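One structure is given here, and the rest of the page talks about it.
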Amino acid sequence: MRFAPIGGLVAALALGGGAAAQSVLVRGPQDRVETVSAADIKAMHQASVTVPYGDKATFTGAVIGDLLAEVGAPSDVRLHGPPVNQIVIVTGQDGFTTVLSLAETEKSFKTEPIILADQENGKPLDTKQGPYRLVIGGELKPARSVYAVIEIELRPVNTNDPTSKAAPSMGAPPAPEPAAGHGG
């Protein structure tokens, strides 16, 4: 039956009254993949962000940079030069994704953290948002907020590096070849 797994997931989420604990897949450099459990996330440094939109709720959760460190992402003094040329793709259970620069996730680059929230105003997230929601400190709108986060991926964007798995650049086209027979 095609809908049985979805029905089971919905039932599991409903049993807890809020979002059920789950793991998050974190992908990083050199094809490194970690499954980070709810217990792992709770054990990480927790930060809070009060959003300026809606009911101006306060969200609490693990700092995204700490989750990326689980797969070897550079941080702090190591985050300069070529490593800055990486993106973080956050995906929700419904397929919605958002993109951040790796520098945005580093506390030494921003005044407010980006977190994987599991609480809103001191209570577990509801089933619509949770169990984990991306909350970007300093954002004036929730346009990049991802509900029910299931995956966080660090990906290079430097297409000049032959070892990069990034797709070809969508930037400016290459310079045209000089015309033959030009001049006198």
Side-chain angles (χ1 to χ4, degrees), residues 18-19 21-29 32 34 36-94 96-126 128-159 164 166 169-171:
Q22 76 177 36
S23 59
V24 174
L25 196 63
V26 183
R27 297 180 185 274
R32 193 158 163 206
E34 295 288 333
V36 184
S37 72
D40 295 333
I41 293 169
K42 274 287 188 207
M44 292 179 173
H45 172 73
Q46 301 289 296
S48 294
V49 172
T50 301
V51 297
Y53 45 82
D55 293 336
K56 298 178 179 29
T58 298
F59 292 90
T60 305
V63 177
I64 292 289
D66 293 346
L67 285 156
L68 292 168
E70 294 291 313
V71 293
S75 63
D76 218 11
V77 296
R78 293 184 6 231
L79 188 54
H80 67 279
V84 173
N85 194 12
Q86 296 182 66
I87 58 172
V88 177
I89 302 168
V90 181
T91 304
Q93 190 169 8
D94 62 359
F96 180 76
T97 61
T98 199
V99 177
L100 307 161
S101 73
L102 178 58
E104 282 182 281
T105 68
E106 172 56 40
K107 61 186 173 225
S108 65
F109 280 72
K110 290 183 52 104
T111 57
E112 292 189 51
I114 296 176
I115 62 172
L116 187 65
D118 61 356
Q119 292 183 26
E120 179 180 0
N121 296 328
K123 297 179 183 163
L125 295 176
D126 61 32
K128 177 184 174 189
Q129 298 181 81
Y132 305 109
R133 174 183 173 177
L134 178 71
V135 178
I136 303 171
E139 294 266 289
L140 300 178
K141 296 179 182 181
R144 294 194 296 169
S145 186
V146 178
Y147 290 3
V149 172
I150 58 170
E151 183 175 296
I152 301 168
E153 178 184 2
L154 178 62
R155 183 184 298 175
V157 293
N158 182 356
T159 57
S164 171
S169 173
M170 297 292 290

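The shown structure was predicted, so the numbers you read here are calculated from the model rather than taken from an experiment.
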(request) Can you measure from CG (L100) to CG (L68) and round to the nearest 0.5 angstrom? (result) 9.0 Å
(message) Nearest 0.5 angstrom please: T105 OG1 to D66 CG, how far?
(response) 9.5 Å
(request) Work out which heavy atom in A47 is nearest to a heavy atom in V63; give both atom names and the distance. (result) CB-CG2, 3.8 Å
(message) Would you say that more than 12 heavy atoms from the other residues, nucleotides or ligands in this model lie under 6.0 Å from the CG of D55, or not?
(response) no
(request) Look at the side chain of E112 and the backbone N and O of E139, then say whether any donor-acceptor pair between them is shorter than 3.5 Å. (result) no
(message) As a test of understanding, state which of V135, I115, L116 forms a side-chain contact (heavy atoms from CB on, under 4.5 Å) with I64.
(response) L116
(message) Working to the nearest 0.5 angstrom, can you tell me the gap between K141 NZ and I136 CD1?
(response) 13.5 Å
(request) Please report the shortest heavy-atom distance between I152 and V149, naming the atom on each side. (result) CG1-CG1, 4.2 Å
(message) Testing the basics here: between L154 and L102, what is the closest heavy-atom pair and its distance to 0.1 Å?
(response) CD1-CD1, 3.9 Å
(request) Provide the closest heavy-atom pair for G130 versus A148 in the form atom of the first, atom of the second, distance. (result) O-CB, 3.5 Å
(message) Return the CD to OG distance between E106 and S101, rounded to the nearest 0.5 Å.
(response) 11.0 Å
(request) Keeping the roles fixed (side chain from T58, backbone from N121), state whether a donor-acceptor pair exists under 3.5 Å. (result) no
(request) List the atom of R133, the atom of P142, and the distance in Å for their closest heavy-atom pair. (result) NH2-CB, 4.2 Å
(request) Step by step, work out the side-chain hydrogen bond (donor to acceptor under 3.5 Å, both in side chains) result for T60 and S48. (result) CA-CA 4 Å; T60 305; S48 294; 2.9 Å; yes
(message) Under the criterion side-chain contact (heavy atoms from CB on, under 4.5 Å), I'd like the reasoning laid out for L125 against F59: C-alpha separation, chi angles, the key distance, then a yes or no.
(response) CA-CA 9 Å; L125 295 176; F59 292 90; 4.0 Å; yes
(message) To the closest 0.5 Å, what do you measure between NZ (K42) and CG (D118)?
(response) 3.5 Å
(request) Please answer whether the main-chain N or O of A117 pairs with a side-chain N or O of Q119 as donor and acceptor at a distance below 3.5 Å. (result) no
(request) Specify the closest pair of heavy atoms between A57 and E120, including all atoms of both residues, with the distance to one decimal. (result) CB-OE2, 3.4 Å
(message) To the nearest 0.5 Å, what is the distance between CD on Q93 and CD on Q22?
(response) 6.0 Å
(message) When you compare the side chain of V36 with that of M44, does any pair of heavy atoms fall below 4.5 Å?
(response) yes
